[in-house]
Chemist: 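I have a structure I would like to understand better, so I am pasting it below and will then ask my questions one at a time.
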Amino acid sequence: MSLPRSPSAFARRLLLLVLTLGTAGGATALWADLLAQNGLTILDIIQIILFALSYLWVSPFFWSSILGWLRLASGGKTPGIVHPHHLLPGVEAPELMNHRATAIVIPVYNEEAGAVFARLCAMYKALERSGNLQHFHFFVLSDSTDAEAWLAEEIMWSKVVRELNAEGRLFYRHRPKNTARKAGNIGDFCQRWGGSYEHMIVLDADSLLTVEAILMMARLAKLNPHAGIIQGLPTIIGAKSFFARSQQFAVRLYGPLIAAGINFWHLGDGNYWGHNAIINVAFFAQQCGLPNLPGAPPFGGHILSHDFIEAALIRRGGWRVWLVGEIPGCYEQMPASIIENGKRERRWVQGNLQHMKILFAHGLHPMSRIHLLMGIVAFKVSILSLLFLTVGLASSMYAQFVPPSYFPAYKTLFPAWPIFNGDLALSLLAGTIVMLTLPKILAILLRMGKQSRLYGGRFKLFLSFMLEHIFTVFIAPMLMLIHAGFVVDVFRRRDSGWGKQNRGDADTSWGEAYRIHRYHTLFGMVLGVMGWYLASSLFWWISPVVIGSVFSIPLSVFSSRVSWGQGLRRAGIFVIPEETNPPQEWTDSLVHEENLTPFLPKGCGALGDITPVLSDPHVNALHLSLLPSNSMTYCDLDELAKARRKLALGLKGEYVPPLSSAERYALMFDRETLERLPLGVSPKLP
């Protein structure tokens, strides 16, 4: 089958470049003209440079959105890739698939096992109902370092295999040493089992795909043998708090527009976001072995933002990377609060800055270098915004304290009165507002027809849009300061590590909000006072930044509250189509989670949640059957010795001091103790 004629990548990218440079250059010229009317100072020159850099960042996103809107409005699809609709009508997925099954891999790291396996059950049953289950195998790839999470995964896997009759189709592996984190986890899968599969669909622990998404990915991969990665567009689902629901609404409404704009100029030289994508296993195995970067973390060591690099290496190998926004039903979840979301972004900041060491690697495609550069710059823009604000305030203060020279050195008949072109200033402000808001307005216009009922109707859709926009304006200063702090943190050589992601719905406490945002509040107060007393002409211009910063603590607390989010949902605000008409896979996953949760081990005294492996013969036998024969080579012997001494006390009926997390984890590798401990007899616990 011949590929559709590929559009001219050069022409499209040249068009975007011309539009970007023209917009940024024109706006910068106007800004320079405005500042130069009374003579340029050093502060003015710095402002002009910062203004130009800011516009160079905003302009391509603006024009990408405009071009994406034109494509969506005309009903076009991702250009340059063969879609299933190019085939004759009636051709079903089984005829398109290779004789080898596609692996669906789910990497987990100290996650809630019940929720992970509930989503897996929903996808498994959906494939079974569709008659296509025989084409897929599921792998849960555990990197968990928490003994309780590890044991819960094993129990859930065993139960789900029995309930689904999935023996030989649903596999579980716990990796004793989580070398290289998620990238190493996927790499280990490719080394051990990759040869049996042509493609793998990579998910995150919180991912959920509808059967339509899974089958479309598989068909696209079959129809496009030149594709190394086909990335779906993730959409948030299941959000409950105010913050999470606002982000869920924004991603659902604006995401397709952004994806369409990106596709206009990325074409087959796109990027990879690490999940909800189908990957050619052979291409990935050949190209994507990631090195350890020289030096110590945060700039050296394992690459945290591995997905960008994997896309660049696939493209260097001669294969294509596509983002296909038309793939339906690609879901993920969202942290419930600004603080929890920040913990995830802290790792992204460090990972993206690591790319500075890879940016000029040999053989990378120019577009791959652009993706890496944009990732490096993305969070540094917060520093840029902060500098622009600071320099602008300093410049205004300078004008207040340094009187203008009314009588210049050259001869003149009249004094040189200060000039301020208010019309030009307002024009620049209006242009900036248009660039920031027009893409959102275009996105909402696409949904104002019949689709508006899926968002609660036109009026509720408009109210949701306005509330999301206002909320974004007021949390933007807080996010700017958070991201700027992250960048400074990395340059101070502080390593983020790879902590467990909290996907729960716990509200942010006032104490935690104070600890995180107290300096943001102080910044807003200082900025407001300086603006009001020292540069009053500038105060109203910076008032959104002042308000957002001063009220960062209550904004963070109240936006994390589930009660606020659910109240808005009952009022029809921030409603998305997946709530109006929920996918069956989502409703099924909630039912499965409710049914599976009672089977998870519960905390029991000093041993925590690992008591069943010591007292329940079935759990004990299951765990031992999954342990590698050389399990003791992965065990911390010092921690194990402590755990054994405590167990000995318990078996004698004496008081057992609580086992630490490290001791419980070491005990899980101890085949000798687990085999010899009298089963059915728990140590005496306090």
Side-chain angles (χ1 to χ4, degrees), residues 17-63 65-66 377 380-410 412-439 441 473 476-477 480 484 524 526-549:
L17 180 64
V18 169
L19 292 172
T20 297
L21 293 179
T23 305
T28 302
L30 291 176
W31 182 249
D33 183 57
L34 182 67
L35 296 182
Q37 289 174 351
N38 295 299
L40 289 175
T41 65
I42 294 296
L43 290 174
D44 292 333
I45 294 172
I46 294 173
Q47 271 197 82
I48 292 169
I49 294 171
L50 293 172
F51 184 92
L53 292 174
S54 298
Y55 253 76
L56 281 172
W57 177 255
V58 172
S59 296
F61 290 103
F62 170 76
W63 287 112
S65 299
I66 299 300
V377 172
K380 289 183 179 178
V381 171
S382 296
I383 297 281
L384 193 69
S385 302
L386 189 58
L387 286 174
F388 183 77
L389 180 66
T390 305
V391 172
L393 183 61
S395 181
S396 184
M397 290 170 57
Y398 177 85
Q400 290 277 73
F401 287 105
V402 179
S405 174
Y406 296 107
F407 300 97
Y410 57 87
T412 177
L413 295 176
F414 303 99
W417 302 112
I419 300 172
F420 178 74
N421 191 332
D423 291 339
L424 182 56
L426 289 174
S427 298
L428 270 173
L429 176 63
T432 303
I433 292 174
V434 167
M435 291 190 69
L436 295 175
T437 59
L438 182 58
I441 294 172
V473 168
M480 174 189 71
V526 171
L527 183 67
V529 169
M530 291 177 67
W532 182 260
Y533 287 104
L534 304 179
S536 56
S537 61
L538 189 65
F539 178 79
W540 297 111
W541 295 81
I542 63 173
S543 59
V545 179
V546 172
I547 294 170
S549 302

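Both backbone and side-chain heavy atoms feed into the values below; hydrogens, waters and symmetry mates do not.
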Chemist: Measuring from Met530:CE to Ile542:CD1, what's the distance to the nearest 0.5 Å?
Modeler: 9.0 Å
Chemist: For the residue pair Ser382 and Met480, what are the closest heavy atoms and their distance?
Modeler: CB-O, 3.3 Å
Chemist: Which heavy-atom pair separates Ser549 from Gly524 by the least distance, and what is that distance?
Modeler: CB-CA, 3.5 Å
Chemist: In residues 20-32, what donor-acceptor pairs under 3.5 Å come from side-chain atoms, sequence neighbours left out?
Modeler:
{"from": "Thr20", "atom 1": "OG1", "to": "Leu16", "atom 2": "O", "distance (Å)": "2.8"}
{"from": "Thr23", "atom 1": "OG1", "to": "Leu19", "atom 2": "O", "distance (Å)": "2.7"}
{"from": "Thr23", "atom 1": "OG1", "to": "Trp63", "atom 2": "NE1", "distance (Å)": "2.8"}
{"from": "Thr28", "atom 1": "OG1", "to": "Ala24", "atom 2": "O", "distance (Å)": "2.6"}

Chemist: Could you tell me the separation between the OG atom of Ser65 and the CD1 atom of Ile441, rounded to the nearest 0.5 Å?
Modeler: 12.0 Å
Chemist: Under a 4.5 Å cut-off applied to non-hydrogen side-chain atoms, are Leu389 and Leu527 in contact?
Modeler: yes
Chemist: Show me, pair by pair, the donor-acceptor contacts under 3.5 angstrom made by side chains of residues 45-56, not counting sequence neighbours?
Modeler:
{"from": "Gln47", "atom 1": "NE2", "to": "Ser395", "atom 2": "OG", "distance (Å)": "3.4"}
{"from": "Ser54", "atom 1": "OG", "to": "Leu50", "atom 2": "O", "distance (Å)": "2.9"}
{"from": "Tyr55", "atom 1": "OH", "to": "Thr432", "atom 2": "OG1", "distance (Å)": "2.7"}

